[in-house]
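Step one of this worksheet: look at the structure below.
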Amino acid sequence: MPVETLPETADPQDHAAAMGDQAALWKAIATLSPRQRAVIVLHCFEGRTLTQIADIIGCSLDAVKSQLGRALTRLRVDPDIRTMNLKELQR
């Protein structure tokens with residue numbers, strides 16, 4: 001039966017590609033040291049402050065900053081995730 005208005009179009013986002021990007025990101029995160037991985041997950045995915053992370057993992061704030069910096073450096077050069085929009089994957 002015809003209708004006066006057309007339904008909204010489908011979401012233009014490529015969900016299959018997003019799932020592949022997410023899998024690549026978690027694969028890269030898995031290559032980090034346990035402490036670097038914890039800092040990345042707590043900060044980027046759980047939104048914890050660096051001070052909170054230091055309390056959670058039982059180290060100094062400077063150690064957290066160092067681990068975060070090293071982890072981000074390693075992730076930035078990973079060929080599978082270098083071109084991703086990481087903000088989109090955090091949702």
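The model shown is predicted, which means the values in this text are computed figures rather than measured ones.
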side-chain contact (heavy atoms from CB on, under 4.5 Å), that's the test. Do Leu72 and Ile40 meet it? Break it down for me.
CA-CA 8 Å; Leu72 291 174; Ile40 287 290; 3.7 Å; yes
May I have the list of side-chain donor-acceptor pairs in residues 60-70 shorter than 3.5 Å, sequence neighbours left out?
| residue | atom | partner | partner atom | Å |
| --- | --- | --- | --- | --- |
| Ser60 | OG | Ala63 | N | 3.0 |

How far apart are the closest heavy atoms of Ser33 and Arg74, and which atoms are they?
N-NH1, 4.0 Å
What one should report as the nearest heavy-atom pair of Gln36 and Ala71 is CB-CB, 3.8 Å
Run Leu75 and Leu32 through side-chain contact (heavy atoms from CB on, under 4.5 Å) and show every step you take.
CA-CA 9 Å; Leu75 292 174; Leu32 300 173; 4.3 Å; yes
Working to the nearest 0.5 Å, report the span between SG of Cys44 and CD1 of Ile29.
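So the gap between those two atoms works out to 7.5 Å.
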Pairwise distance CD1(Ile81) to NZ(Lys27) - rounded to 0.5 angstrom
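Output value for this atom pair is 11.5 Å.
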Name the atoms and distances for all side-chain donor-acceptor pairs under 3.5 Å in residues 48-58, with sequence neighbours left out.
| residue | atom | partner | partner atom | Å |
| --- | --- | --- | --- | --- |
| Thr49 | OG1 | Gln52 | N | 3.1 |
| Thr49 | OG1 | Gln52 | OE1 | 3.4 |
| Gln52 | OE1 | Thr49 | N | 2.8 |

